[in-house]
Amino acid sequence: MIIATWNINSVRLRLDLLQKLFNAQAPDIVCLQETKVQDAHFPIEALKDMGFNHIVYSGEKSYNGVAILSKYEISDSFSLEFYNSDKRHICAKIHDFELHNFYVPAGGDEPDTLINPKYKHKLAYVEAMEQWFASNRLKSDNLILVGDLNIAPLEHDVWSSKQLSNVVSHTPFERTALIKLQNSFDFVDTARKFVDPSQKFYSWWSYRNRDWKKSNRGRKLDHIWVSKPLESRLQNIVLYKEARDWDRPSDHVPYIANIA
DNA sequence: ATGGTTGGCGCCCAA
């Protein structure tokens, strides 16, 4: 089963790029973030025409928004709201596993909870995720946690750990918080299972670079984690970097895991 | 220290 996660930065603007992703990678399930569309305007018919008959979504006007597109039946779904009414999570039960798709708050620019409420909100959000799993799920459950987590926890998840040490997405506080969430539930990071932590691995490159490939100042913000019982079913991963060179690309590229 | 670019919406905010 091929599962993709992609921060698409407006689903309505990039329906053609979704079709290109489907043609090239044939995903069975696609988890989207930053759909930037309220539910009443979600392009459900266009996506069904592309072969995804089971679709769940939770969106709002202008900001945030998540969706799960599946070729397999979704037997149940729900959306968690950890902060105000931000649409940042959707969960689907498919086959024998439960798939959680998150869009963690970016956190603004200033890495100081006293002066930047967005950063405070981000840290509180990650804490709320951990609390929810601790209270509602077991380590023995078949869980898949994916999404734009907006945190690059390891040294080689960013182009320069030193230069980004005080930049939101790679501050020590965020890195610790995300690793704590991962470890508290024994989640396995699929990317680092296949690519050694000593190797650079990025899923996002800023728009604010003349040549993203040449400067290569990337960060690993997009994740697919699986709970321990699913680890032995991991087949391989694909980082679909070509997508960053498409016309009017997202600043994130699709990240894919194949799970038996 | 600064500014670089994009999308949605509406003349600015968030990323």
Side-chain angles (χ1 to χ4, degrees), chain A residues 5-21 31-43 46-47 57-67 81-89 101-113 115-126 146-153 157-160 162-171 173-175 178 202-223 241-255:
Chain A
T5 182
W6 191 20
N7 178 321
I8 194 169
N9 189 14
S10 174
V11 66
R12 286 177 295 179
L13 188 71
R14 294 189 227 283
L15 283 171
D16 58 328
L17 301 189
L18 261 180
Q19 182 67 66
K20 287 186 77 163
L21 171 66
C31 300
L32 300 174
Q33 304 87 36
E34 280 208 86
T35 52
K36 291 185 172 177
V37 60
Q38 59 208 103
D39 291 349
H41 297 153
F42 193 87
L47 293 168
Y57 43 89
S58 175
E60 62 192 278
K61 194 177 178 183
S62 302
Y63 306 113
N64 311 319
V66 287
E81 291 179 5
F82 292 142
Y83 181 82
N84 294 340
S85 54
D86 275 15
K87 306 303 190 223
R88 299 181 174 276
H89 166 269
N101 179 17
F102 283 99
Y103 174 50
V104 171
D109 291 327
E110 200 62 51
D112 183 340
T113 56
I115 60 171
N116 177 7
K118 291 183 202 166
Y119 186 63
K120 186 175 179 179
H121 167 202
K122 180 181 196 177
L123 294 171
Y125 194 94
V126 175
V146 318
D148 176 3
L149 305 185
N150 265 317
I151 298 172
D157 291 347
V158 296
W159 62 277
S160 169
K162 199 171 184 176
Q163 284 175 260
L164 293 179
S165 66
N166 204 31
V167 171
V168 174
S169 74
H170 194 65
T171 62
F173 218 79
E174 293 168 272
R175 297 171 65 183
L178 197 70
Y202 316 137
S203 64
W204 172 88
W205 291 261
S206 173
Y207 284 127
R208 303 176 193 181
N209 266 313
R210 208 144 289 164
D211 186 334
W212 71 276
K213 203 181 278 177
K214 190 178 173 192
S215 58
N216 197 26
R217 295 184 166 191
R219 303 179 201 171
K220 179 178 179 286
L221 303 180
D222 302 278
H223 300 249
K241 278 176 75 172
E242 277 178 51
R244 191 62 181 77
D245 267 336
W246 286 342
D247 283 338
R248 299 196 79 184
S250 169
D251 45 356
H252 297 251
V253 301
Y255 172 64

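Each chain gets a letter, A, B and so on, in the order the sequences are listed, and its residues count up from 1. This structure is a prediction, so every number in the text was calculated from the model and none was measured.
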**Message:** Pair A/Y103, A/E34 - check side chain to side chain contact (heavy atoms under 4.5 Å, CB included), show working.
**Reply:** CA-CA 7 Å; A/Y103 174 50; A/E34 280 208 86; 3.2 Å; yes
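In this structure, A/N9 atom CG and B/dC13 atom P are separated by 18 Å, rounded to whole Å. Here the C1' atom of nucleotide B/dC12 and the OH atom of A/Y63 are 8 Å apart, to the nearest Å. Regarding A/R210, its CZ atom lies at a distance of 10 Å from the C1' atom of B/dG3, rounded to whole Å. A straight line from CG of A/D251 to P of B/dG8 spans 12 Å, rounded to a whole angstrom. Atom CZ in A/R88 sits roughly 11 Å away from atom C1' in B/dA15 (whole-Å rounding). Note: CD (A/E60) to C1' (B/dG7) measures 14 Å, nearest angstrom. What separates CG of A/D247 from P of B/dT6 is a distance of 12 Å, to the nearest Å. To the nearest angstrom, C1' of B/dA15 lies 8 Å from CH2 of A/W204.
Among the atoms of the strands shown, only primed sugar atoms or phosphate atoms (P, OP1, OP2) are found under 4.0 Å from some heavy atom of A/R14.
Applying the side-chain hydrogen bond (donor to acceptor under 3.5 Å, both in side chains) rule to A/Y83 yields no partners; only residues at least two apart in sequence or on another chain are considered.
Counting only N and O atoms by type, the side chains of A/D222 and A/W6 include no donor and acceptor under 3.5 Å apart. Of the N and O atoms on the side chains of A/Y125 and A/N150, not one donor lies less than 3.5 Å from an acceptor on the other residue.
Remark: the separation of the P atoms in B/dG10 and B/dT5 is 25 Å, to the nearest Å. Of the C1' atoms belonging to B/dG7 and B/dC11, the separation is 15 Å, rounded to the nearest Å. Here the separation of B/dC9 from B/dG4, taken at their C1' atoms, is 22 Å to the nearest Å. B/dG8 sits 26 Å from B/dG3 when the P atoms are compared, rounded to a whole Å.
Taking for each of A/K118 and A/P249 the nucleotide of DNA chain B with the nearest heavy atom, the 5'-most of the two is the partner of A/P249. The nearest heavy atom of DNA chain B to A/K36 and to A/N64 marks one nucleotide each, and the one closer to the 5' end goes with A/K36.
Comparing B/dG4, B/dA14, B/dC9 against the side chain of A/S62 picks out B/dC9 as the nearest. In this structure, the nucleotide among B/dA14, B/dT5, B/dG7 sitting nearest to the side chain of A/S10 is B/dG7. Closest to the side chain of A/Y207, from the set B/dT5, B/dC13, B/dA15, is B/dT5.
The shortest distance between the side-chain N/O atoms of A/K61 and the OP1/OP2 oxygens of B/dG8 is not below 4.0 Å. Side-chain nitrogen and oxygen atoms of A/R248 include at least one within less than 4.0 Å of the OP1 or OP2 phosphate oxygen of B/dG7.
Seen from the ring of A/W204, A/R219 does not count as a face-on cation partner, given the 6.0 Å and 45° thresholds.
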